[in-house]
Amino acid sequence: MRHEPRDPARRGVQLQHHQGVLVGYDDSPVLDFIGPPLTTVRQPIERIAENVGRIITSLIGHHTVALDEILVEPELRLRRSTAPAPDRA
């Protein structure tokens, strides 16, 4: 298995010259320290776990559980891997 460097600059990608966006998913504290710091969408894992715990507890207690969707709002963690959209005026 070949290991690829995670830093885009080490792979020859010059992000500061691109008018684009590089975004990851599932935020990690280590993303503050890679180059460039990666913008990510963070899932609220704690809130998801609380909902799952409530549902499981209800099922164990033989209670009726509504089969509704439970929506949790993710958080956009802006770091330096994103740039403003170009002005199209």
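- A distance of 8.0 Å separates OG1 in Thr40 from CD in Glu75, rounded to the nearest 0.5 Å.
- In this structure, Pro44 and Pro74 approach most closely via the heavy-atom pair CD-CA, 4.0 Å.
- Taken to the nearest 0.5 Å, the CG atom of Leu59 stands 9.5 Å off from the OG1 atom of Thr64.
- Evaluation of the salt bridge (charged side-chain N to carboxylate O under 4.0 Å, His left out) test over residues 46-56, restricted to residues two or more places apart or in two chains, returns Arg42-Glu46.
- With sequence neighbours left out, Arg77 forms a side chain to side chain donor-acceptor pair (under 3.5 Å) with Asp27.
- Residues Ile70 and Val65 share a single hydrophobic cluster, defined by chaining ILVMFWY side chains whose heavy atoms lie under 4.5 Å apart.
- By the rule that hydrophobic residues join a cluster once side-chain heavy atoms approach within less than 4.5 Å of another member, Ile55 and Ile60 end up as members of separate clusters.
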